[in-house]
Amino acid sequence: MKIVLSSKEMQGFSKELIRQNQTIGFVPTMGFLHEGHLSLVDQSTKACDVTVMSIFVNPLQFGPNEDFDRYPRNIEQDIELARRAGVDFLFCPTVDDLYSKELPVTMTATKRTNVLCGASRPGHFDGVVSVLTVLFNIVQPQKAFFGRKDAQQVAVVQGLVDAYHFPIEVIAVDTVREEDGLAKSSRNVYLTDEERQQAPMLSRALNSAAEALSGKSIEQTIDDMTSFLKETTSGKIDYIQILHYPELEPVVEKKGEIIIALAVQFAHARLIDNIVLTLKEEK
Ligand code: AMP
């Protein structure tokens with residue numbers, strides 16, 4: 001595995017790989033790797049000749065009062081995990097290398113961003129589309145792999161790729177969970193022992209809601225999830241929403257792909273999770 005620190009160098013490697021007709025799979029991450037990230041690598045190594053993973057904690061996607069400074073980092077462990085998972089190029093650029101001091105152009109994500117995390121974290125998806133535009137141009141992948149755990153991100157990235165005609169296939173990978181159902185996340189290390197006991201209730205609430213949704217109204221389903229999570233966790237519910245997916249529009253008819261998504265703020269970790277289901281017809 002080659003560790004690449006400079007974007008010029010990374011772009012040079014990619015150009016050479018493309019010249020050799022190698023397909024490049026790309027897994028963008030913020031590091032502190034876990035099995036969720038590694039499942040994206042697994043899909044990439046199966047589908048592509050070469051896998052590039054980036055590790056970059058992107059300041060543009062964090063709000064002023066968010067956890068940019070506290071975001072967990074462990075580059076030595078990440079290098080080892082990436083190497084073992086089969087990453088060919090580990091791209092770890094610095095902020096100064098990736099962004100010019102004063103950005104001459106800024107991007108705003110205008111669709112699919114006024115709900116869920118986009119509503120709770122103003123500017124977050126502007127930062128996500130900005131960094132991915134930069135990374136896509138450096139890495140030049142044919143396929144890019146994203147986790148369904150961040151389902152809104154998948155929807156926004158697909159919009160970015162379509163709108164800007166990136167010749168990239170966006171591939172969504174299922175959420176990897178702990179045995180008790182908790183979605184794996186770098187931020188889980190910031191849960192207290194007590195919160196860690198409570199955290200599986202998030203996926204339990206989603207699963208019960210998914211089972212009950214066809215026989216209940218959206219409002220009732222959200223109310224029931226709210227009561228359940230208030231009873232079973234000490235976290236503060238940031239949002240619980242049920243929307244069409246991937247458009248992220250309000251549900252007018254319970255039909256087609258529907259996402260049930262939630263975010264819960266614990267003392268030092270904000271956890272998100274979701275489930276996407278396909279409903280056949282209105283009942
Ligand atoms: P992050 O480092 O949190 O920005 O995540 C990098 C990529 O890994 C994103 O595409 C995430 O959606 C994906 N990811 C994070 N956690 C999981 C998980 N538990 N299962 C599958 N993919 C995940």
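In listed order, ligands and their atoms are each counted from 1. Because the structure is a prediction, the values reported are computed rather than measured. Any value given below was found using the heavy atoms of this structure, including those in side chains, with hydrogens, waters and symmetry copies removed.
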The answer, listing residues by chain and number that come under 4.0 Å of ligand 1 through any heavy atom, is Pro28, Thr29, Met30, His34, Gly36, His37, Leu40, Tyr71, Phe146, Gly147, Lys149, Asp150, Gln153, Asp174, Thr175, Val176, Lys184

I'd like to check the salt bridge (Lys or Arg N to Asp or Glu O under 4.0 Å) partners of Lys15; sequence neighbours left out, ordered by chain and number.
none

Between Ser54 (side chain only) and Phe56 (backbone N and O only), is there a donor and an acceptor less than 3.5 Å apart?
no

Ring geometry between Phe13 and Phe89 (parallel below 30°, tilted from 30 to 60°, perpendicular above 60°)
tilted

Residues that Asn207 engages under side-chain hydrogen bond (donor to acceptor under 3.5 Å, both in side chains), provided they are two or more places apart
none

Do the side chain of Glu195 and the main chain of Ala267 share a donor and acceptor less than 3.5 angstrom apart?
yes

Does Asp150 have any salt bridge (Lys or Arg N to Asp or Glu O under 4.0 Å) partners at least two apart in sequence or in another chain, and if so, which?
none

